[in-house]
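The block underneath contains the structure these notes are about, expressed in structure tokens.
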Amino acid sequence: MDKLHIYNTLSRQKEEFEPIKEGFVGIYVCGPTVYGDPHLGHAKSYVSFDVVIRYLRYLGYKVRYVQNITDVGHLTDDADQGEDKLEKQAAIEKLEPMEIAEKYTYNYFRDMDALGVQRPDISPRATGHIIEQIEMVKKLLENGHAYETDGNVYFDVSSDEDYGKLSGRDVEDQESGARIETASDKRSPEDFALWKKADDGHIMKWPSPWGKGYPGWHVECSAMSTKYLGEHFDIHGGGMDNQFPHHECEIAQSEGAFNKPFANYWMHNNMVTLEGQKMGKSLGNAISLHEFFSGDHELLNRAWDPQIIRFFLLQSHYRSTTDFSEEALAGAENGLRSLQEMINTINSAENGSANAYDLKSLRTSLESKLNDDFNTAQAIAVLFEELKTIRKQINSGDIPENIADVKEFLRSFVDDVLRLWPQEDQSSTGDDKTHDLIELLIDIRNNARHEKNFELSDTIRDRLEELNIKLMDSPEGTDYKIVK
RNA sequence: GGCGACGUGGCCGAGUGGUCAGGCAGAGGUCUGCAAAACCUCCUACGGCGGUUCGAUUCCGCCCGUCGCCUCCA
């Protein structure tokens, strides 16, 4: 595809992307509720959208990326009965709710940084936008889409003909089988809370025209996306599990308050399983990202470099489910290393004089893959094939005359967009003394080899390998690399 | 019960109505004192049963299975 196409959940098909304002993209992605450490599901979602953002920028768009931090209003249970997740965790950890929010916001960014996820341009907190949320609720009341009962304000779903258009649901069909525990003051079970009255035990509460209370979960996204991206913007993203009810409610609120379309394109990433099973605390397999990075979990045999997890995720499509297992990750690790070896070889090639490599077709081919709803899996396949070809040329001594352009392009694509560039100068690599010492040992070993003292030469090689220093002989001499 | 997605070779995973995904693992070979790396070659799958078609893994129907949502979740 020569133009960017995005699968739009609203239409259930791929559509050519056309921004509202030429050259600019406003995108909102649902962020985390900060009451626990991020896990593989977060990784899938935010790595997926990271590539979306990076690729939009690569294409030359000026992007404003907004991703909320939910620190109030998200309930543990039924939207009417549950406890606030932050307050519940605060009780467990014996901390203030805002301490919980700070702690897990910190952990969230720490782990996302490790995965190479670019930070959003704006990370608005729900608690920092109570006024905006109250204003939004007032508008909905004025427009007849909401009603107040005894300090609670609910959205009146029956007032919105379009309700269900995103998730393809028909409100009337939802009753049977679903657990219904309607709060007594709601007119209809599908109505949802915009503002909740706080009882005395509630810590996080604010004054409002309806008394002291706190905002409903869905309204924060409507209020904050509007504040930073406008009432009508380009792309809204999030996990598939949020399609209903969260995103459906956002649309209802925003379109009900402003009487204009909300987001043009809705993107949803698919879910993650672990060894074929859904992850969940009750199943005992909810491993946090931090535990993956450190290997510190009883279900894990070893630590997994964040970049391996990123690569593994990008090898599948964001709209497919991803099943994690250590076996699959090990395969991904070898694949990633081999890809990065190719990049290193190409990147260290000197200027050449052989026929130019057809960079334009590589570029076109890679772009066409990402233009097709961000098909990173195919883009990576193209990279494997093409980089292998380039390396072959370099190894045979025919370095293309445009090798500098090739390097520059790889930087912009593999590093800036996919973020799979080889990690440079890790730990001991950059140390000059270490380098000199290894070279010294290589010299000694090569002398031994000339004298056919293979016992000594092999000892040197084996002992270095024990130190994770791998020697590679070639007709041009001996090279080494430090492996992790 | 309702809505939706999916089922690809040992593993992970794209994709398509009729020549190829790709990666990992494995096998053989070239090179090497040996190994590693690199290079060459091989391993040719599409849940089951029907239907449409000259031809289906790709379209349709049914069945089986897995997963998601319908209630908090990326």
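In what follows, chains are A, B, ... by sequence order, proteins preceding strands, each numbered from 1.
- The CD atom of A:Glu327 sits 11 Å away from the P atom of B:G13 (whole-angstrom rounding).
- If you check B:G13, B:C69, B:A74 against the side chain of A:Thr33, the one that comes closest is B:A74.
- At the heavy-atom level, A:Ser457 lies under 4.0 Å from base atoms of the strands shown.
- Both A:Gln378 and A:Cys30 lie near RNA chain B, and the one whose nearest nucleotide falls closer to the 5' end is A:Gln378.
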* To do: Report the C-alpha distance between A:Asp462 and A:Thr459 in whole Å, list the side-chain angles of each, state the deciding distance to 0.1 Å, and finish with yes or no for side chain to side chain contact (heavy atoms under 4.5 Å, CB included).
  => CA-CA 5 Å; A:Asp462 294 345; A:Thr459 302; 5.8 Å; no

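- Taking every side-chain heavy atom of A:Asn375 into account, B:A14 is the closest of B:A74, B:C72, B:A14.
- Taking the six-membered ring for Trp and the full ring otherwise, the centers of A:Tyr228 and A:Phe233 sit at least 6.0 Å from each other.
- Comparing B:U58 with B:U41, their C1' atoms are spaced 30 Å from each other, to the whole Å.
- Of the candidates B:C39, B:G33, B:C69, the closest approach to any side-chain atom of A:Lys392 belongs to B:C39.
- A:Asp473 contributes a side-chain N or O that forms a donor-acceptor pair with the base of B:A35 under 3.5 Å.
- Using a 4.0 Å heavy-atom cutoff across all strands shown, A:Lys44 reaches no nucleic acid atom at all.
- Under the Watson-Crick and G-U wobble criteria, each requiring two contacts below 3.5 Å, nucleotide B:U32 is left unpaired.
- Looking at heavy-atom distances under 4.0 Å, A:Asn269 makes contact with a base.
- For A:Phe244, the side-chain atoms get nearest to B:C69 when compared with the rest of B:C69, B:G22, B:C12.
- Residue side chain A:Arg337 does not reach the base of B:C24 through any donor-acceptor N/O pair under 3.5 Å, judged by distance alone.
- Picking from B:G33, B:G22, B:A74 the nucleotide with the shortest atom distance to the side chain of A:Ala381 gives B:G22.
- Relative orientation of the A:Phe192 and A:His218 rings is perpendicular, given thresholds of 30° and 60° on the angle between their planes.
- If you check B:G26 for Watson-Crick or wobble pairing at under 3.5 angstrom, you find it paired to B:C42.
- Using a 4.0 Å heavy-atom cutoff across all strands shown, A:Val272 reaches at least one base atom of the nucleic acid.
- Rounded to whole Å, atom C1' of B:C3 lies 13 Å from atom CE of A:Met240.
- On a pure distance criterion of 3.5 Å, no polar donor-acceptor pair joins the side chain of A:Arg391 and the base of B:A38.
- Nucleic acid contact class of A:Ser320 (heavy atoms, under 4.0 Å, all strands): sugar-phosphate only.
- Between A:Thr321 and B:U66 there is no side-chain polar atom (N or O) within less than 4.0 angstrom of OP1 or OP2.
- Distance from the side chain of A:Asn270 is smallest for B:A5 among the nucleotides B:G23, B:C70, B:A5.
- Searching all strands for a Watson-Crick or G-U wobble partner of B:U66 with both distances below 3.5 Å returns B:A5.
- You'll find that the side chain of A:Asp323 is closest to B:G13, out of B:G13, B:G22, B:A74.
- With a 3.5 Å ceiling on both atom-pair distances, the Watson-Crick or G-U wobble partner of B:G50 is B:C60.
- Closest approach to the A:Glu385 side chain among B:A74, B:G22, B:G33 is made by B:G22 (side chain taken as heavy atoms from C-beta onward).
- Minimum atom distance to the side chain of A:Phe312 is reached by B:C12, of the listed B:C12, B:C34, B:G68.
- At a cut-off of 3.5 angstrom, counting only N and O atoms as typed in the model, there is a donor on one side and an acceptor on the other between the side-chain of A:Asp458 and the base of B:G33.
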